[in-house]
Amino acid sequence: MIFQLKILGNNSAIPAHDRNQTSQLLQLDSRYVLIDCGEGTQIQLSNQKIRLNRIKTVLISHLHGDHYFGLIGLISTMHLFHRKHKLTVFAPSELKEILALQLKASETSLCFELEFIPLNHDGLMEIHKEEQFTIQSFPLEHGIKCYGFLIKETPKQWRINKDKLPDDMLIQDIITLKKGESVFDENGSIKYALDKYTLPPRPSRTYAYCSDTMYNEDIITYVQNVDLLYHESTFADEMEERAALTHHSTATQAATIAKKAKVHKLLLGHYSTRYKDPTPLLDEAKKVFDETYLTHEGETFFLKE
Ligand SMILES: [Zn+2]
């Protein structure tokens, strides 16, 4: 399965320095999940030649405008393109009313189904499941209701070891082994032992998105061992006090979460406009966690199998 993340926007609060407000597109084979939808998102989607029909799911972390002001515009464009498929939006509950009012005021009756699933929970919760992946959400600490998201590839099947495969093995026995079970004969004796004929499944890939949040060690348990973690990093160390006051994080704090959660790779973003060049944020973060990368708009991060 293709599992890749495209950065559509990475500036905080306002568009600046040719950077748009937060938005990311996660591609899981032919399915696209849009994560946050700042004002410039649909222009970015168009620049990246993304087919809007493929976006089936939208995750909105919280209702600060720089994370969702682009959504009504995107929905409106989908309507003008005569979209037929349902679009499912997961967001804090107040967004339902906001969207309904915007559609009512413009006398728009959407030509597709807009499903709204409110986020209103504590702890880690599974909010969506498909054959190839699940989406879980968890609370962040940002002054207003705010959620992070964890997207996990569905556990894979065991792999048949072709070098050990007998010519006469039946299809149903192969299916049993792929499920991770040994095959027994009619007398209950072992016919094909799992460990002899198979190799363990390839690891399932995981992506965690931590939108706006102040430093909070609760996050560590939610994002433990993920392959790729995005954690906002609005400020450099010199602004640590301001980060706490505004419920944001420094790059060093993002790296500390990444290190303590033993993630494989950390992405920074949501840069304050004061940083035309966010390299100092990267330098500070790398002192704590070396596998840290800046995000740039249009850039794609691949999660390899
Ligand atoms: Zn915010």
Side-chain angles (χ1 to χ4, degrees), residues 5 7-17 19-26 33-42 44 58-74 89-99 102 118-122 127 135 137-150 207-219 222-223 229-236 239-258 266-275 278 281 285 294-295 297:
L5 180 76
I7 307 301
L8 301 173
N10 59 3
N11 206 56
S12 70
I14 60 168
H17 315 305
R19 301 194 298 249
N20 287 281
Q21 295 127 315
T22 304
S23 185
Q24 301 184 354
L25 187 76
L26 192 65
V33 176
L34 184 68
I35 309 176
D36 279 339
C37 189
E39 199 181 310
T41 302
Q42 62 167 322
Q44 291 289 80
V58 179
L59 309 173
I60 300 291
S61 62
H62 68 298
L63 297 185
H64 283 152
D66 57 330
H67 290 257
Y68 84 97
F69 279 172
L71 186 58
I72 190 66
L74 181 63
V89 176
F90 295 85
S93 51
E94 295 81 356
L95 184 60
K96 186 177 185 180
E97 212 179 320
I98 295 168
L99 292 174
Q102 286 173 314
L119 298 175
N120 190 13
H121 62 87
D122 299 319
I127 56 170
I135 304 176
S137 70
F138 53 89
L140 297 170
E141 191 173 356
H142 189 46
I144 64 168
K145 207 191 290 171
C146 186
Y147 292 92
F149 301 104
L150 184 63
Y207 172 57
Y209 173 82
C210 292
S211 177
D212 296 8
T213 185
M214 62 191 294
Y215 181 77
N216 182 338
E217 296 204 338
D218 289 350
I219 294 170
Y222 303 134
V223 304
L229 167 69
Y230 163 84
H231 190 295
E232 75 121 288
S233 50
T234 309
F235 295 111
M239 302 294 286
E240 191 177 330
E241 225 169 280
R242 176 145 181 83
L245 268 174
T246 56
H247 300 97
H248 284 296
S249 299
T250 64
T252 299
Q253 289 171 335
T256 306
I257 296 288
L266 170 67
L267 302 181
L268 302 180
H270 200 263
Y271 314 125
S272 164
T273 300
R274 71 182 61 235
Y275 307 111
L281 303 182
L294 290 176
T295 54
E297 292 188 11

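The figures that follow rest on heavy atoms only: side chains count, while hydrogens, waters and symmetry mates do not. Counting starts at 1 for both ligands and their atoms, in listed order.
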| Picking from Tyr222, Phe138, Tyr209, Tyr207, what satisfies side chain to side chain contact (heavy atoms under 4.5 Å, CB included) with Leu150? |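 The side chain to side chain contact (heavy atoms under 4.5 Å, CB included) with Leu150 is passed solely by Phe138 among Tyr222, Phe138, Tyr209, Tyr207.
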With a cut-off of 2.8 Å, does [X] put an N/O/S atom close enough to the Zn ion (ligand 1)?
X: Asp66; answer: no
X: His62; answer: yes
X: His142; answer: yes
X: His248; answer: no

| Asp212, N/O/S atom nearest the Zn ion (ligand 1) | OD2
| What atom name does the N, O or S atom of His64 nearest to the Zn ion (ligand 1) carry? |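 The nearest such atom is ND1.
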| field | Verdict with reasoning, Gln253 to His231, per side chain to side chain contact (heavy atoms under 4.5 Å, CB included) | value | CA-CA 9 Å; Gln253 289 171 335; His231 190 295; 5.8 Å; no
| Once the angle between the rings of His64 and His142 is folded into 0 to 90°, is it parallel (under 30°), tilted (30 to 60°) or perpendicular (over 60°)? |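 Correct class here is perpendicular.
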| query | Taking it one step at a time, do Thr295 and Tyr271 satisfy side chain to side chain donor-acceptor pair (under 3.5 Å)? | reply | CA-CA 10 Å; Thr295 54; Tyr271 314 125; 3.3 Å; yes
| message | Checking Thr273 against Asn11 for the side chain to side chain donor-acceptor pair (under 3.5 Å) test, could you report, in this order, the C-alpha distance in whole Å, the side-chain angles of both residues, the deciding distance, and whether it holds? | response | CA-CA 7 Å; Thr273 300; Asn11 206 56; 3.1 Å; yes
